[in-house]
Amino acid sequence: MGTGTSKNLDGGSHGNEEEREENLDQAGGQLYISLKMENFKLKGELIPHIYGSVPLVGSWDSSKALSLERESASMWELSFVVPPNHESLDFKFLLKPRYSNSPCIVEEGPNRLLSGGMLQGDTRMALFKLSADEVLEYRVFIKADRVSPFDLAASWRAYQDNLRPSAVRGIPDVSINSVSETGPENNSSVSLELDLEHYVVPAPSNSGFVYAANLTETPRSLTGFGVHFNADGPGNTSSSKESGVVGDRSTTNMTVILPDPPKMYMGSGTVESKSVGTFSHLQRQDSHRGLFVDRGVGSPRLVKSASTSTIFSDLKLDTESKNSMPAAAGAVAAAAVADQMLGPKEDRHLAIVLVGLPARGKTFTAAKLTRYLRWLGHETKHFNVGKYRRLKHGANQSADFFRADNPEGMEARNEVAALAMEDMISWMQEGGQVGILDATNSTRKRRNMLMKLAEGKCRIIFLETLCNDQRIIERNIRLKIQQSPDYAEETDFEAGCRDFKARLDNYEKVYEPVEEGSYIKMIDMVSGHGGQIQVNNISGYLPGRIVFFLVNTHLTPRPILLTRHGESMDNVRGRIGGDNELSEAGEVYSKKLANFVEKRLKSERAASIWTSTLQRTILTASPIVGFPKIQWRALDEIYVGVCDGMTYEETKKNMPEEYEARKKDKLRYRYPRGESYLDVIQRLEPVIIELERQRAPVVVISHQAVLRALYAYFADRPLKEIPHIEVPLHTIIEIQMGVTGVQEKRYKLMD
């Protein structure tokens, strides 16, 4: 490990400190500062802060002061790494009220000066004058360690490998960098226009806002009811007075991962396909007998004997179960195989049935869950009963239509719920895996009807959303009036609100919480501030993943900024993989990006910067100051194995079979000793969960393949499109997450 030296308040040293410090200076060591304040007569509403002469601690702006964290009942502490160009720190302590906007209380006396880890002048107490008669005293402790780059690297590695704070010399795993020295990077070539809109470029045409219910499945069972479906997509529908108009009955082409043994295993002449990890019948030549090529990940490429046909035929998977396997790798694929082999037949298909009063976020939750499961590789569809109702009975139904004592209305609503459920089950029997039925389903009688329809065909899990926050409910009602097709022709906004609240009252009178079967209850979860989840009779890999995902989702609006690293030297040379430094253009972009982040997130003190562990992303992030920077190994570029450092032309010339295999199926192709896009998706799942959990903005600086996969999640793009999504250099993709769903904006800072 690296070496370090410690200094205490009394200025004492240990051993040959000066010699060790000189060695660390030459090795590029950085100063690790620990500030502590102790007081036994606590004022719980006053929080100690530090501010001072450099941006690291607010540039004498009390609103930007750094807060100390409580270490024990009487001790507060703040630790940070100081870049070499700011090892002289002029600062003072102050107290900020926790719950009010009252003025800060600055400590009495002259400024404190910390230079090279040593506190200049006499050590003193920190005195705060609360009033003419009351003075609060804190004991001050300051410790400085000169930390080598090896210690810092070990700290980061411990964080990445163990997902817990590092124990290496107590060094923090998050550093807050100061402003870099004034130099050429501050000239006009890297400055940005004051108005960031100057850099906005058109986003893909399918990235605009669309009402979530309109993105759900097109009702197939209503094609004979005089409904015309616009060719522009499932969200664009219109009523037709003519009967017999055939609607869109097309279904998504299924991707089959497990091959059909009768077709794929043709005796001894079978070898493994390099692109998808399945078997294809190729004529075996004698010279290939015993040939072995190490693939690094997954099965070896090995000539099979006639007995290999038993590998999958012994699983005895029927056509339906093979079609319902996810397009996935790793844990998802392993769990799916286990469920198919060991679970009952109805468990091969999962129905998530939403339950809850209107304006509780059911459609929003269903849309997010659909997007997540599709991204993992599970064939998933979202069926919205409200869409069925509007298509069959019209969109302009008043609140009376939803009364429990209106038999015609009750019959009509139960009918469309049954139609949606039957459509979902039919789709599952064609190969679908997870269906999400989005409706109120607010009575036991309705839920019992759905369970009878599903009996022996699919497993049902009820997902109930409960919200007791009247502010959130009122906000959801107003959004409903603005966006729902039910009120598209209502010109009086307040009249629409009154009608919807009357509809809500009708549901509340007969609402029966879920107590039967398997269920997940989300109680006050949408705000992201607490709440609880209750589960009953939930088992299996996929239901467990669904629960874990729902625990981490909320509606707090925040932007997520995605960008590739600045151009690297390997980009210039056309080489893949590697861990190269930035080109001259890449360095310019890193400074423009820092300028952009400063302007875009100037009021977002809780924002953070995420990078991969490869130096081209770390260097791109280095000019960004004032925000924590966190390195994720999961954000590293797709690993290209033995092709690392090669150009595509070299791959085509030297490894033509690999080149062609990748060209045929970029999604599933796995580089020799490397990864596929499906592998990348699996390792990115913790990143997605954390992005969903975060309530503050996040800037993700990563690589093309990784950002393609992340962007596909937010944009709900099909898996097969991921390898072909355009993520250009020197462009920022801003994903805005919130109550209205996901919206996108793009900024191109340079060519």
Side-chain angles (χ1 to χ4, degrees), residues 202-210 212 215-216 233-235 252-255 257 276 326-333 366-382 433-434 436 545 549 552-553 559-565 610 612 632 634-639 662 665-670 675-692 694 698-729 731-737 741-746:
S205 58
N206 61 346
S207 62
F209 170 75
V210 181
L215 296 175
T216 57
T252 304
N253 292 331
M254 302 304 300
T255 301
I257 302 305
V276 297
V332 172
K368 289 192 83 168
L369 185 57
T370 300
R371 178 159 48 89
Y372 171 69
L373 294 174
R374 283 174 177 167
W375 183 79
L376 281 181
H378 298 281
E379 190 69 26
T380 306
K381 285 191 176 184
H382 178 186
Q433 297 164 37
V434 184
I436 300 180
R545 299 309 302 166
F549 175 75
N552 289 284
T553 60
I560 294 172
L561 306 179
L562 307 177
T563 184
R564 289 173 66 183
H565 54 80
W610 297 2
S612 73
W632 287 71
L635 290 175
D636 285 3
E637 179 61 298
I638 185 172
Y639 182 48
R662 175 181 177 273
D665 191 348
K666 288 182 68 176
L667 177 66
R668 294 174 181 81
Y669 171 78
R670 180 177 287 138
E675 290 182 301
S676 69
Y677 270 93
L678 290 179
D679 295 326
V680 171
I681 289 170
Q682 291 303 304
R683 66 168 157 96
L684 282 176
E685 187 189 11
V687 178
I688 289 295
I689 295 294
E690 188 59 27
L691 285 172
E692 287 285 358
Q694 291 281 321
V698 177
V699 180
V700 180
I701 304 174
S702 189
H703 310 267
Q704 180 168 250
V706 170
L707 293 178
R708 281 171 168 167
L710 291 179
Y711 176 81
Y713 169 78
F714 292 113
D716 196 15
R717 299 281 287 274
L719 288 181
K720 62 183 180 181
E721 293 183 10
I722 289 180
H724 311 286
I725 292 174
E726 184 180 1
V727 183
L729 281 170
T731 301
I732 298 164
I733 302 173
E734 178 176 325
I735 304 293
Q736 187 68 43
M737 300 179 66
V742 176
Q743 300 178 59
E744 175 189 350
K745 181 183 285 188
R746 294 195 177 202

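Owing to the predicted nature of the structure, the values given are computational and were not obtained by experimental measurement.
In this structure, the side chains of Leu691 and Val698 come closer than 4.5 Å at one or more pairs of heavy atoms. In this structure, Val700 and Leu710 have side chains that are in contact, with non-hydrogen atoms separated by less than 4.5 Å. At a threshold of 4.5 Å between non-hydrogen side-chain atoms, the residues Gln736 and Pro559 count as touching. In this structure the side chain of Gln433 never reaches within 4.5 angstrom of the side chain of Thr380, judged on heavy atoms. Considering only heavy atoms from C-beta on, Leu376 stays 4.5 Å or farther from Phe549 through its side chain. The shortest side-chain heavy-atom distance between Val680 and Leu678 does not fall under the 4.5 Å cut-off.
Partners of Phe714 according to the ring-ring contact (aromatic ring centres under 6.0 Å, His included) rule, which considers only residues two or more places apart in sequence or in another chain, do not exist here. With sequence neighbours excluded, no residue forms a salt bridge (charged side-chain N to carboxylate O under 4.0 Å, His left out) with Arg371. Looking at residues two or more places apart in sequence or on another chain, you find no salt bridge (charged side-chain N to carboxylate O under 4.0 Å, His left out) involving Asp636. Under the side chain to side chain donor-acceptor pair (under 3.5 Å) criterion, Gln704 pairs with Arg564, not counting sequence neighbours. Qualifying side-chain contact (heavy atoms from CB on, under 4.5 Å) partners for Tyr639, counting only residues two or more places apart in sequence or in other chains: Glu675. Every residue two or more places apart in sequence or in another chain that forms a ring-ring contact (aromatic ring centres under 6.0 Å, His included) with Tyr713 is listed here: Trp375. The side chain to side chain donor-acceptor pair (under 3.5 Å) search around Arg545 returns Glu685, not counting sequence neighbours. Evaluation of the side chain to side chain donor-acceptor pair (under 3.5 Å) rule for Thr370 yields no partner, not counting sequence neighbours.
A salt bridge between Lys368 and Glu692 is present, with a side-chain N of the basic residue lying under 4.0 Å from a carboxylate O of the acidic one.
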Apply side-chain contact (heavy atoms from CB on, under 4.5 Å) to residues Thr731 and Leu729 and explain how you reach the verdict.
CA-CA 6 Å; Thr731 301; Leu729 281 170; over 6 Å; no
When you look at Arg374 and Leu719, which way does the side-chain contact (heavy atoms from CB on, under 4.5 Å) test go after all the steps?
CA-CA 8 Å; Arg374 283 174 177 167; Leu719 288 181; over 6 Å; no
For the pair Val706 and Glu637, evaluate side-chain contact (heavy atoms from CB on, under 4.5 Å) and give the outcome as yes or no after the intermediate values.
CA-CA 6 Å; Val706 170; Glu637 179 61 298; 4.2 Å; yes
Evaluate the side-chain contact (heavy atoms from CB on, under 4.5 Å) criterion for residues Arg746 and Glu734: first the C-alpha distance (whole Å), next the side-chain angles of each, then the deciding distance (0.1 Å), finally the verdict.
CA-CA 6 Å; Arg746 294 195 177 202; Glu734 178 176 325; over 6 Å; no
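For the atom pair CD1 of Ile733 and OG1 of Thr563, the computed distance is 8.0 Å after rounding to the nearest 0.5 Å. If you take CD1 on Ile681 and CG on Leu667, they are separated by 6.0 Å, rounding to the nearest 0.5 Å. Once rounded to the nearest 0.5 Å, the distance linking CZ of Arg708 with OG of Ser702 reads 12.5 Å. The distance from atom CD1 of Ile735 to atom CG of Leu561, rounded to the nearest 0.5 Å, is 9.0 Å. For the atom pair NE2 of His703 and CG of Leu635, the computed distance is 7.5 Å after rounding to the nearest 0.5 Å. Separation of atoms CD1 (Ile436) and CG (Leu369) is listed at 4.0 Å; rounding is to 0.5 Å.
With hydrogens and angles left out, the side-chain atoms of Tyr711 and Glu744 include a donor and acceptor closer than 3.5 Å.
In this structure, Arg662 contributes its side chain and Tyr669 its backbone to no donor-acceptor pair below 3.5 Å.
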